[in-house]
**Q** 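Before anything else, here's the structure in question.
Side-chain atoms are counted along with the backbone in the values below, which use heavy atoms only and exclude waters and symmetry mates. Indexing begins at 1, ligand by ligand and atom by atom, following the structure's order. None of these values were measured; they are calculated from a predicted model.
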Amino acid sequence: PYLNSPISQDCETPQLNPVMEPLSWMLGTWLSDPPGDGTFPTMKPFQYLEEVHISHVGQPMLNFSFNAFHPDTRKPMHRECGFIRLKPDTNKVAFISAQNTGLVEVEEGEVNGQELSIASHSIARISFAKKPHVEQITRKFRLNSDGKLEQTVSMATTTQPMTQHLHITYKKV
Ligand code: HEM
């Protein structure tokens, strides 16, 4: 069984869709190690824990969830989930994410080897989203030679130019 779902429980574990092979290095369950670093000119630096699941069900896309927690209280913080798609026969990637803050975004970019660089293409938010609003997002994911996954997120808001907000490395569990 691959989905813990009544409908799919009799289904064989599917093979990775060949279209997704260039992103196979992202697959797995990952835990922050060490805790992530949050920064931005407007805020006191902070740390966070994060649990990441990147999986597939045989479709030509990956499914992801990123769940952040407070390092001391372990209370849930930022959460996002979505899909990663690859344009077949190219290195063009689309990253589609819904965030618990009321933000929905599409990022696009490229995978080159074990590095994925993407930038926001469109951002939508709920009418009562907290200010300041984010206007642009860029992310970089990389599989390091020690087998750890690394993510760096930068953003521009209505009050600040593009600046790093998050940097984190994860070990596979
Ligand atoms: C603040 C965006 C991910 C923790 C903010 C702010 C924005 C933002 C626009 C307000 C900045 C300001 O006041 O000038 C985003 C976006 C994310 C993201 C677009 C993902 C792409 C995360 C993650 C964490 C996090 C993973 C981990 C816990 C915080 C904290 C603050 C903050 C603690 C300051 C307090 C607050 O405003 O809630 N973020 N964030 N963010 N973010 Fe993020």
Side-chain angles (χ1 to χ4, degrees), residues 20 23 25-56 61-86 91-112 114-144 147-173:
M20 300 312 295
L23 289 173
W25 52 272
M26 299 186 81
L27 286 166
T29 296
W30 303 88
L31 278 186
S32 50
D33 181 29
D37 289 311
T39 51
F40 209 59
T42 52
M43 67 185 66
K44 209 174 99 201
F46 65 93
Q47 295 202 312
Y48 66 103
L49 307 178
E50 197 166 50
E51 187 174 327
V52 175
H53 296 279
I54 305 178
S55 62
H56 72 90
M61 66 201 70
L62 303 182
N63 310 319
F64 70 78
S65 63
F66 289 84
N67 297 318
F69 298 87
H70 191 280
D72 304 327
T73 64
R74 310 222 157 193
K75 280 193 176 159
M77 294 176 74
H78 185 270
R79 299 171 80 84
E80 62 180 309
C81 60
F83 305 93
I84 303 175
R85 301 188 55 118
L86 251 165
N91 67 344
K92 205 173 183 264
V93 173
F95 178 100
I96 305 111
S97 174
Q99 306 187 14
N100 61 349
T101 51
L103 196 79
V104 177
E105 51 141 345
V106 173
E107 297 184 33
E108 294 196 8
E110 292 184 349
V111 57
N112 292 106
Q114 298 182 331
E115 183 167 306
L116 171 62
S117 296
I118 49 178
S120 53
H121 172 86
S122 55
I123 299 178
R125 66 180 62 80
I126 60 172
S127 60
F128 49 94
K130 197 170 161 185
K131 286 182 180 164
H133 291 165
V134 61
E135 292 194 312
Q136 283 181 71
I137 304 168
T138 65
R139 305 192 197 224
K140 192 165 286 186
F141 293 94
R142 184 167 67 186
L143 186 68
N144 290 323
K148 284 189 171 181
L149 184 68
E150 185 177 351
Q151 180 181 199
T152 308
V153 178
S154 298
M155 66 180 177
T157 66
T158 45
T159 71
Q160 299 295 322
M162 188 57 88
T163 313
Q164 186 170 304
H165 182 37
L166 308 163
H167 177 258
I168 189 165
T169 55
Y170 313 93
K171 72 157 187 271
K172 200 167 201 166
V173 292

**Q** Tell me if a side-chain donor or acceptor on Asn91 pairs with a main-chain N or O of Val111 at a distance below 3.5 Å.
**A** yes

**Q** Quick one: side-chain hydrogen bond (donor to acceptor under 3.5 Å, both in side chains) pairs with a partner in residues 162-173, sequence neighbours left out?
**A** Glu50-Tyr170, Glu150-His167, Gln151-Tyr170

**Q** Kindly say whether Thr158 contributes a backbone atom to a donor-acceptor pair with the side chain of Lys131 at under 3.5 angstrom?
**A** no

**Q** Can you name the one residue among Phe95, Trp30, Phe83 that meets ring-ring contact (aromatic ring centres under 6.0 Å, His included) with Phe64?
**A** Phe95

**Q** State whether the side chain of Arg125 and the backbone N or O of Val134 hold a donor-acceptor pair below 3.5 Å, judged by distance alone.
**A** yes

**Q** For the atom pair CD1 (Ile123) and CE (Met155), what is the distance rounded to the nearest 0.5 Å?
**A** 10.5 Å

**Q** When you look for protein heavy atoms under 4.0 Å from ligand 1, which residues do they belong to?
**A** Phe40, Thr42, Met43, Phe46, Tyr48, Glu50, Ala68, Met77, His78, Gln99, Leu103, Lys130, Pro132, Ile137, Arg139, Met155, Thr157, His165, Leu166

